[in-house]
Amino acid sequence: MSGLNGIGLVVEDHPSQPIEWDNALPILHEIRHGLHRLSGGGEPTLIDLHALPFGPGDEERLLELLGRGEVEADIDALGPTRVWETAFPGVWLVDHRNAQGERLALHIEIASVPEILRSQSEDIADALTRLDACIAAGAGAPNPPPTNA
Amino acid sequence: MSDPMGFLLWVKGPALDGALAIFALGMLARLVEIFMLGRKPNYAEPKGGEWGPGFKTILTRSVTDPGTFARAPFNVVVGWIWHLGFLIALLLFIPHIELFKGVLGIAWPGLPNPVVDAITAITILALIATLVHRLQHPVKRRISTREDYVVWAVTFLPLLSGYLAYHRLVNPYPLILGLHILSVELFLVVFPFTKLTHVFTAFIARWYNGAIFGRKGVES
Amino acid sequence: MAASKTLGERLREHGVSRRGFLKFCAATASMMALPPSMAPAIAAALEKARRPSVIWLSFQECTGCTESLTRSFSPTVEDLILDVISLDYHHTLQAAAGHQAEAAREQAMKENHGEYLLIVDGSLPGPDANPGYSTIAGISNYQMLKEAVAGAKAVVAVGTCAAFGGLPAAAPNPSGAVSVMDIVKDKPVINVSGCPPVPMVITGVLAQYLVFGKLPELDEYHRPLAFFGQSIHDRCYRRPFYDKGLFAESFDDEGARKGWCLYRLGCKGPSTYNACATMRWNSGTSWPVESGHPCLGCSEPKFWDAGGFYAPLSAPLGSPGNTLLAAGIAGAVVGGAAAAMARKRAAKAETERQPVKIDELEQKL
């Protein structure tokens with residue numbers, strides 16, 4: 001044992017200083033690489049923030065540094081997903097959450113528009129079928145909204 | 001014992017106990033013999049003290065006389081470098097200090113890890129240099145015995161394996177850490193039966209030299 | 001029982017849009033510790049995945065692994081995973097009990113023979129141990145495992161107890177507990193160790209198996225490299241402090257409050273391989289080191305006997321101080337005896353010394 005009995009504990013009134021971690025800075029470099037690649041007509045980049053060893057406060061600091069841009073979108077598919085452009089155009093944040101509001105994944109997507117915002121070809125094909133049915137049923141009939149789980 | 005964690009637990013447990021037992025038994029037997037057999041009684045009138053000059057000589061002999069340095073500068077300089085480096089890596093690296101605390105119950109302040117790491121790298125290079133020198137110098141090559149090379153190897157392996165373990169250059173980690181501890185156990189087992197006993201006897205010899213000269217009233 | 005519809009068809013039946021499905025795949029990729037660019041590949045694989053039958057056997061366990069899995073947040077992803085599989089037997093989670101439950105298990109095993117996934121948590125008394133230590137419905141764990149493994153496609157040992165023996169196997173191991181690996185030699189075994197395993201690791205491994213239909217890449221302990229390929233030490237956010245040599249010396253001291261490295265307090269991070277440092281616990285809230293407690297090394301074999309949770313990794317096991325003392329005393333005795341014998345021999349030689357004349361010497365030489 002490490003002599004726990006010999007520790008004199010002193011209760012202090014003032015809150016301890018916030019600790020400065022700087023694990024957020026390397027991510028900015030990775031973002032910069034991705035953005036440079038995108039600007040040269042290259043592939044979009046996806047960074048999964050889940051897999052990185054953040055210390056307490058690192059994620060908040062990173063999001064604060066990235067800031068907010070002009071676009072914010074709310075998606076409702078299997079729970080809410082919020083997408084917003086950061087203060088750096090081309091750098092988007094995709095925050096997937098479940099129906100209870102708990103986070104499933106947080107991605108940085110470096111693209112002209114995140115993939116999840118695009119309408120998917122399967123859904124478009126499905127929409128065509130339903131629109132045909134709607135037109136056939138008569139122009140006045142109300143459109144039933146697509147059912148989501 | 002055939003998996004990495006099992007191997008690590010074996011070297012930290014029964015193997016360490018065995019190696020320490022052999023080390024302690026061998027070294028105590030040697031030292032008691034030395035002190036009990038001692039010296040022949042000297043019936044001449046003492047012209048000075050023994051103890052003071054004895055201890056003084058332990059320190060003063062650390063500096064080589066000019067003749068020795070002129071004849072073998074490489075051995076003196078490189079020898080100092082790797083001996084100091086070895087001691088720093090052994091005694092001032094914080095995980096090692098925790099080991100000593102676990103065995104002896106005492107601890108002391110250490111050096112930052114990157115400092116010890118740099119010193120270890122220098123020590124490893126210096127040790128390799130001593131081997132190369134021994135193999136290339138005609139006289140030294142001639143008079144070197146198998147024991148000299150064995151002792152070099154058991155001294156080199158803990159440094160090398162420790163460096164590899166610290167930098168996690170071998171996977172999985174429990175394997176290389178286990179090998180490092182095993183190499184130290186090999187060092188301990190070989191110690192009392194080779195010239196490694198100089199770790200203790202060098203200082204005893206220096207004391208005796210100083211004591212003999214001091215009794216004669218002569219500067220040593 | 002296992003359905004024959006693909007996952008893609010089932011999701012569309014549930015009214016899940018393609019966009020929703022993509023979100024599910026992105027979350028799954030994150031959970032499986034795969035790069036997010038793999039989400040389309042996962043989508044393609046899951047589209048065609050069939051719903052496998054799963055039999056879950058619980059042996060000498062504390063139920064912590066099942067708790068970990070079910071107490072993890074139950075978002076659509078987790079629900080879908082458990083929805084994707086057909087959990088045909090789990091005696092903690094299922095409502096049925098008694099003979100009917102065992103009969104249902106045997107029927108599931110027969111109908112899906114050669115295809116079902118077998119999940120085991122808890123260790124089991126070995127073939128030479130007294131089977132009475134752990135039985136279910138009067139059947140010994142060992143017999144139940146052998147029967148279940150015969151028709152299984154693969155076995156997943158969840159938790160350190162199933163993977164390595166865990167707490168029941170700790171000294172002196174009264175029940176003769178062994179791990180699943182010790183018994184199952186002819187079917188692939190995936191070990192998901194941890195006490196308990198990080199819940200997302202459990203579901204991630206299941207997801208990997210479901211998506212790709214084959215075993216993930218495994219390390220020398222049969223653990224998936226995706227989650228167990230990195231040591232805690234290499235992913236720890238306090239690593240810069242270790243590298244600088246800044247350590248907490250005792251709990252709640254100045255260094256501990258500054259968040260310094262916990263090596264001296266017994267952290268086994270350097271020799272432990274798990275995903276806690278990045279995935280963390282309670283939906284990514286925190287993990288032991290972040291809360292100020294050293295890592296126990298709970299995903300490694302024999303961690304209960306590995307020398308104390310608060311003794312540093314470099315500290316010896318056992319009591320070497322006593323060994324040194326005892327051996328030192330023995331050595332002193334040996335040395336003393338040798339020296340005494342030598343002295344006696346020298347004294348004897350002194351008394352028995354015969355003087356030699358010069359003529360005799362010259363004749364000898």
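All values derive from a computational prediction rather than experimental measurement. Chain identifiers are assigned alphabetically (A, B, ...) following the order of the sequence lines, protein sequences preceding nucleic acid strands; residue numbering begins at 1 within each chain.
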_Return the CG to CG distance between C/Leu324 and B/Leu104, rounded to the nearest 0.5 Å._
7.0 Å
_Is it the case that atom NZ in C/Lys185 sees more than 12 heavy atoms from other parts of the structure closer than 6.0 Å?_
yes
*Determine the minimum heavy-atom distance between B/Ala21 and C/Thr323, stating which atoms define it.*
CB-CG2, 3.9 Å
*Between the side chain of B/Tyr173 and the main-chain N/O of C/Tyr273, is any donor-acceptor distance below 3.5 Å?*
no
*Is it the backbone or the side chain of B/Pro14 that comes under 4.5 Å from a heavy atom of chain C, or both, or neither?*
neither
*When B/Val116, B/Leu28, B/Leu31 are compared by non-hydrogen pairs under 4.5 Å with chain C, the top option*: B/Leu28
_B/Leu16, part contacting chain C, at a heavy-atom distance under 4.5 Å_ = side chain
*Would one find more than 12 heavy atoms of other residues, nucleotides or ligands at under 6.0 Å from atom CD of C/Glu217?*
no
*Any donor and acceptor pair, going by atom type alone, linking the side chain of B/Arg168 with main-chain N or O of C/Pro270 inside 3.5 Å?*
yes
_Check whether C/Arg343 reaches the backbone of B/Met36 with its side chain - one donor and one acceptor, N or O, closer than 3.5 Å._
yes
*Please examine the side chains of C/Tyr221 and B/Pro4, heavy atoms only from C-beta on, and report whether any two atoms are closer than 4.5 Å.*
yes
*What part of B/Tyr166 gets closer than 4.5 Å to chain C, counting heavy atoms only: side chain, backbone, both or neither?*
side chain
*Min side-chain heavy-atom separation B/Ile94-C/Arg264 under 4.5 Å*: yes
_Whether over 12 other heavy atoms sit under 6.0 Å from B/Glu147 CD_ = yes
*asked:* For a quick test of reading the model, state the closest non-hydrogen atom pair linking C/Ala342 to B/Leu37 and the distance between them.
replied: CB-CD2, 4.1 Å
*In terms of heavy-atom proximity below 4.5 Å to chain C, should B/Leu9 be classed as side chain, backbone, both, or neither?*
both
*Looking only at atom types and distance, does a side-chain atom of B/Asp17 sit under 3.5 Å from a main-chain N or O of C/Gly318, one as donor and one as acceptor?*
no
*Between C/Gly336, C/Ala340, C/Ser319, the one whose heavy-atom pairs under 4.5 Å with chain B are most numerous*: C/Gly336
_Heavy-atom closest pair, residues C/Pro316 and B/Val103_ = CG-CG2, 3.6 Å
*Measure distances from B/Leu111 to the heavy atoms of chain C and classify the residue's part below 4.5 Å as side chain, backbone, both or neither.*
neither
*So how far is it from B/Met5 CE to C/Phe303 CZ, rounded to the nearest 0.5 Å?*
10.0 Å
*Rounded to the nearest 0.5 Å, how far does CG of B/Asn171 lie from OG of C/Ser231?*
8.0 Å
*Taking B/Lys12 for the side chain and C/Ser314 for the main chain, is one N or O donor matched with an acceptor at less than 3.5 Å?*
no
_C/Lys244 vs B/Asn113, side chain to side chain contact (heavy atoms under 4.5 Å, CB included): CA-CA, chis, key distance, verdict_ = CA-CA 6 Å; C/Lys244 283 192 205 124; B/Asn113 291 358; over 6 Å; no
*Is it the case that more than 12 heavy atoms not belonging to B/Arg39 sit under 6.0 Å from its CZ atom?*
yes
*Which atoms of C/Asp234 come close to chain B, meaning under 4.5 Å heavy atom to heavy atom: side chain ones, backbone ones, both, or neither?*
side chain
_Distance in Å, C/Ile329 CD1 paired with B/Leu25 CG, rounded so as to fall on 0.5 Å steps_ = 11.0 Å
*asked:* I need the minimum non-hydrogen distance between C/Gly335 and B/Glu33, along with the two atoms involved.
replied: O-CG, 3.6 Å
*Which answer fits C/Tyr242, side chain, backbone, both or neither, if we ask what part of it has an atom under 4.5 Å from a heavy atom of chain B?*
both
*Measure C/Leu313 against the heavy atoms of chain B and call it side chain, backbone, both or neither at under 4.5 Å.*
both
*Distance-minimising heavy-atom pair for C/Ala327 and B/Ala24*: CB-CB, 3.7 Å
*Any side-chain heavy atom of C/Lys302 sitting closer than 4.5 Å to one from B/Asp3?*
yes
*How many angstroms lie between atom CG of B/Asp117 and atom CG of C/Asp243, to the nearest 0.5 angstrom?*
9.5 Å
